[in-house]
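A short write-up of the structure that comes next.
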Amino acid sequence: MNLFRLMGDVSHVLAVFILLAKIWRTRSAAGISGRSQILFTIVYLARYMDLFFSFISLYNTVMKLLFISASCATVYLIYFKFRATYDGNHDTFRIEFVLVPSLLLAFIFHYSMSFFELAWSFSIFLEAVAILPQLFMVTKTGEAENITSHYLFALGSYRALYILNWIYRYYTEGHFDPIAVCAGIVQTILYCDFFYLYVTKVLQGRKLQVLP
Amino acid sequence: FWRTALHDEL
């Protein structure tokens with residue numbers, strides 16, 4: 001554990017809770033892509049199946065349980081409890097376009113040809129692109145609420161901070177995980193455009209709007 | 001063994 005990874009994890013947890021709190025307090029899932037949230041739930045379930053057979057630390061276990069439960073709760077709120085407020089008409093990204101390539105990539109790039117390793121690789125690739133339905137939705141509606149922007153910023157920062165963590169780990173322990181690093185870089189690049197809008201608009205007190 | 005050693009991140 002180093003400071004970059006800790007900050008990354010804090011940012012990740014923050015993102016998850018910002019989203020849950022926003023939906024819960026406003027009693028509305030407007031502007032949130034249920035499809036992205038389903039993809040994230042698949043990501044956590046596929047990656048954290050090792051909860052049952054490998055113990056790394058109490059910290060890891062608690063975080064894994066937290067991500068699985070929070071993402072399931074988010075999906076429940078969007079599709080069941082506040083279904084009436086969910087903006088399904090604008091949430092039209094075809095998730096098979098990310099699910100199938102992630103699965104194919106997992107079969108090509110993995111650390112061993114076992115079910116759990118393939119699931120792990122799949123989850124890493126899927127995580128990199130899981131936000132696309134949400135970004136697509138923001139582009140389609142042309143704007144995002146400030147809380148949604150904060151959520152996206154925290155979620156994007158998490159993988160960016162992980163990149164710093166990987167650089168640090170490479171130099172201090174020689175640790176290098178090519179699959180996670182490549183996917184993490186792609187993931188961070190996908191947020192770059194959003195980061196720019198966030199800094200130039202939301203932080204200046206304006207609403208995030210995407211020009212056509 | 002290396003699986004847990006490798007996937008120690010979230």
Side-chain angles (χ1 to χ4, degrees), chain A residues 1-2 4-6 8-13 16 43-44 46-57 59-68 110-112 114-121 123-124 127 158-159 161-163 165-166 168-169 173-181 183-184, chain B:
Chain A
M1 179 61 78
N2 56 67
F4 299 120
R5 186 176 148 201
L6 185 65
D9 287 347
V10 168
S11 181
H12 195 180
V13 171
V16 166
V43 165
Y44 299 133
R47 191 177 309 164
Y48 300 150
M49 278 190 289
D50 66 352
L51 264 175
F52 298 106
F53 56 85
S54 79
F55 180 78
I56 292 147
S57 65
Y59 172 85
N60 260 57
T61 303
V62 170
M63 291 294 238
K64 286 171 177 174
L65 290 171
L66 194 147
F67 287 129
I68 291 175
H110 49 255
Y111 293 125
S112 79
S114 70
F115 174 73
F116 291 106
E117 273 308 318
L118 288 174
W120 181 86
S121 279
S123 82
I124 291 286
E127 185 190 338
Y158 136 70
R159 226 41 177 174
L161 287 161
Y162 255 69
I163 294 175
N165 152 62
W166 290 323
Y168 178 86
R169 287 191 73 179
E173 1 170 339
H175 175 275
F176 178 55
D177 184 336
I179 293 178
V181 170
Chain B
F1 141 77
W2 60 268
R3 184 178 196 280
T4 50
L6 195 68
H7 304 315
D8 60 351
E9 290 174 340
L10 292 165

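Just so we're on the same page: letters track the sequence lines, and every chain starts at 1. Every heavy atom of this structure was used, including side-chain atoms; hydrogens, water molecules and symmetry mates were not. Note that the structure is predicted; figures quoted are calculated from it, not measured.
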Residue among Y162(A), Y44(A), Y158(A), F67(A) with most heavy-atom pairs under 4.5 Å to chain B
Y162(A)
N60(A) versus chain B, the contacting section by heavy-atom distance below 4.5 Å
both
One should read off an interatomic distance between H7(B) NE2 and S121(A) OG, to the nearest 0.5 angstrom, of 6.5 Å
Going by an N to O cut-off under 4.0 Å, is there a salt bridge joining D8(B) and R5(A)?
no
So E9(B) and R169(A), salt bridge (charged side-chain N to carboxylate O under 4.0 Å, His left out) or not? Walk me through it.
CA-CA 12 Å; E9(B) 290 174 340; R169(A) 287 191 73 179; 2.8 Å; yes
Heavy-atom pair of closest approach, residues L10(B) and Y48(A):
C-OH, 3.3 Å
